[in-house]
Amino acid sequence: MWLFFYGYDSTYFYKMKRSVGMLAVIIACSTCTAQIHVEKLIIKAKQKYLFGQSDIVVADTLIMEDSSSIVLNRLKKENYIHSKLTIIGNHCFIDGSGLNGKPGSAGLAGNSPIGPCKSGANATPGKDGIDGLSGVNLFLYLEKVVVKSPLLLQLGGGNGGNGGKGGEGGSGTSGTVHCKGGNGGVGGNAGKGGNGGNGGTLTIHYPSSLKELMEKKFTVKNSGGNFGKGGRGGYPGSAGLGPAGKIGRPGMPGTEGIDGQLGKNGTFSFVLH
């Protein structure tokens with residue numbers, strides 16, 4: 001199925017094709033989500049406009065009033081905004097930043113039994129932190145632009161979640177003259193930290209007359225997300241005490257979790273058409 005941008009003449013499409021070959025892929029893609037096309041899109045002051053399930057918004061006129069924002073579709077790797085006339089008020093922003101990964105859950109403590117001369121149970125390990133999601137890759141196609149204060153484009157990667165700590169080993173019970181004290185349980189290994197998401201890329205297509213405006217009035221934040229810290233290894237279970245020679249052995253501690261990796265910074269580029 002072909003998607004057509006209604007309201008744009010053939011000359012406009014020729015310019016788009018000449019400036020970026022990827023647009024042809026967008027139009028020809030049979031799996032793309034249906035685009036949103038409006039004659040005039042006005043986002044009121046302090047309000048948010050959500051892409052929803054779409055990843056393409058086409059507007060003859062796009063107006064962002066003061067402190068308004070656009071929230072991109074994070075479920076799609078790439079989002080597109082096409083506007084012939086764009087008017088941006090003060091303190092506006094577009095948010096396509098990746099979501100932070102959730103921390104891993106802690107391991108369960110080993111059971112400490114009841115009764116003499118019994119060893120504590122080993123603990124369970126902590127879960128790994130979830131990776132942060134990458135920021136959205138955003139493509140802007142602009143013709144005429146009026147900007148009051150710099151537009152902030154947030155496309156940074158999400159932070160990785162911290163690894164869960166290992167559970168504490170169960171304690172051994174006391175020994176008697178007839179049996180040795182129980183051994184302590186082994187502490188659970190810690191979960192590793194999640195990786196930071198990569199920053200999204202920004203590509204802005206605009207006429208040469210807007211070059212100075214683009215460089216001064218668009219602020220991009222698309223750094224990679226921070227890594228999640230590895231969890232703490234579980235404490236060892238205590239040895240059961242007893243008469244001389246009847247003392248159990250303490251458990252071993254769990255291993256420490258390793259840190260995740262930083263996400264890669266995104267890039268941005270200006271393309272004249």
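The shown structure was predicted, so the numbers you read here are calculated from the model rather than taken from an experiment. Counting from 1, the numbers follow the sequence of the chain as shown.
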* K246 atom NZ, over 12 foreign heavy atoms within 6.0 Å -> yes
* Which value, rounded to the nearest 0.5 Å, describes the distance between S83 atom OG and D60 atom CG? -> 8.0 Å
* Asked: Would you say the side-chain atoms of T173 pair up with the backbone N or O of G182, donor to acceptor, closer than 3.5 Å?
  -> no
* Side chains of P116 and S174: closer than 4.5 Å at any heavy-atom pair? -> no
* **Spatial distance of atom CG (L151) from atom OG1 (T219) [nearest 0.5 Å]** => 8.0 Å
* With rounding to the nearest 0.5 Å, note down the distance linking CG in N183 to CD1 in I247. => 12.0 Å
* Side-chain contact, heavy-atom cut-off 4.5 Å: D55 with V136? -> no
* To do: Consider only side-chain heavy atoms of I, L, V, M, F, W and Y, link residues closer than 4.5 Å, and tell whether V146 and L210 are in one cluster.
  => no
* Structure fact -> Heavy-atom nearest pair, D259 first then G230, reads OD1-N, 2.8 Å
* Do L140 and T86 have side-chain heavy atoms sitting under 4.5 Å apart? -> no
* Asked: Where do T124 and L108 come nearest, in terms of heavy atoms and distance?
  -> OG1-N, 2.6 Å
* To do: Not counting sequence neighbours, which residues clear ring pair (Phe, Tyr, Trp, His ring centres under 6.0 Å) with F51? List them please.
  => none
* Answer yes or no: are there more than 12 heavy-atom neighbours, outside E65 itself, under 6.0 Å from its atom CD? => yes
* Asked: Are side-chain heavy atoms of S54 and N73 found at a separation under 4.5 Å?
  -> no
* Closest approach of A190 and G233, non-hydrogen atoms and distance? -> CB-N, 3.7 Å
* Asked: N222 side chain to T201 main-chain N or O, any donor-acceptor pair under 3.5 Å?
  -> no
* Nearest-0.5 Å distance, CG of residue N137 to CG of residue L155 -> 8.0 Å
* Asked: Between atom CG of N122 and atom CG of N111, what is the distance when rounded to the nearest 0.5 Å?
  -> 11.5 Å
* **Path from L202 to L213 over hydrophobic side-chain contacts below 4.5 Å** => yes
* Do I94 and I81 come close enough that some side-chain heavy atom pair is under 4.5 Å? -> yes
* Closest heavy-atom pair and its distance - K180, G245 -> CD-O, 4.3 Å
* Asked: If you draw a 6.0 Å radius around OH in Y49, do more than 12 non-hydrogen atoms from other residues or ligands fall strictly inside?
  -> yes
* Structure fact -> The salt bridge (charged side-chain N to carboxylate O under 4.0 Å, His left out) partners of R74 (sequence neighbours excluded) come to D95
* Check whether any side-chain heavy atom of L262 sits under 4.5 Å from a side-chain heavy atom of N226, and report yes or no. => yes
* **Test item: D131 side-chain N/O and N195 main-chain N/O as donor-acceptor pair under 3.5 Å** => yes
* NZ (K221) with more than 12 external heavy atoms under 6.0 Å -> no
* Asked: Judged by atom type as modelled, is there a donor-acceptor pair below 3.5 Å linking the side chain of S134 to the main-chain atoms of N198?
  -> yes
* Is a side-chain N or O of N189 found less than 3.5 angstrom from the main chain of T255, in a donor-acceptor match? -> yes
* Asked: Just by modelled atom types, is the S171 backbone N or O under 3.5 Å from a matching donor or acceptor in the S112 side chain?
  -> yes
* Residue that, paired with H205, satisfies ring-ring contact (aromatic ring centres under 6.0 Å, His included) out of Y141, Y80, F270 -> Y141
* Does any non-hydrogen side-chain atom of Y206 lie less than 4.5 Å from one of L272? -> yes
* Asked: Rounded to the nearest 0.5 Å, how far apart are CG of L152 and SG of C92?
  -> 10.5 Å
* Asked: Does the E143 side chain pair with the main chain of L85, one donor and one acceptor, at a distance under 3.5 Å?
  -> no
* Between N162 and P103, is there a donor-acceptor pair closer than 3.5 Å when you use the side chain of the first and the backbone of the second? -> no
* Structure fact -> Smallest heavy-atom separation, A123 atom then E168 atom, equals CB-O, 3.5 Å
* Structure fact -> Only residue of K48, Q47, H91 satisfying side-chain contact (heavy atoms from CB on, under 4.5 Å) with S69 is K48
* To do: Not counting sequence neighbours, which residues clear side chain to side chain contact (heavy atoms under 4.5 Å, CB included) with N265? List them please.
  => S223
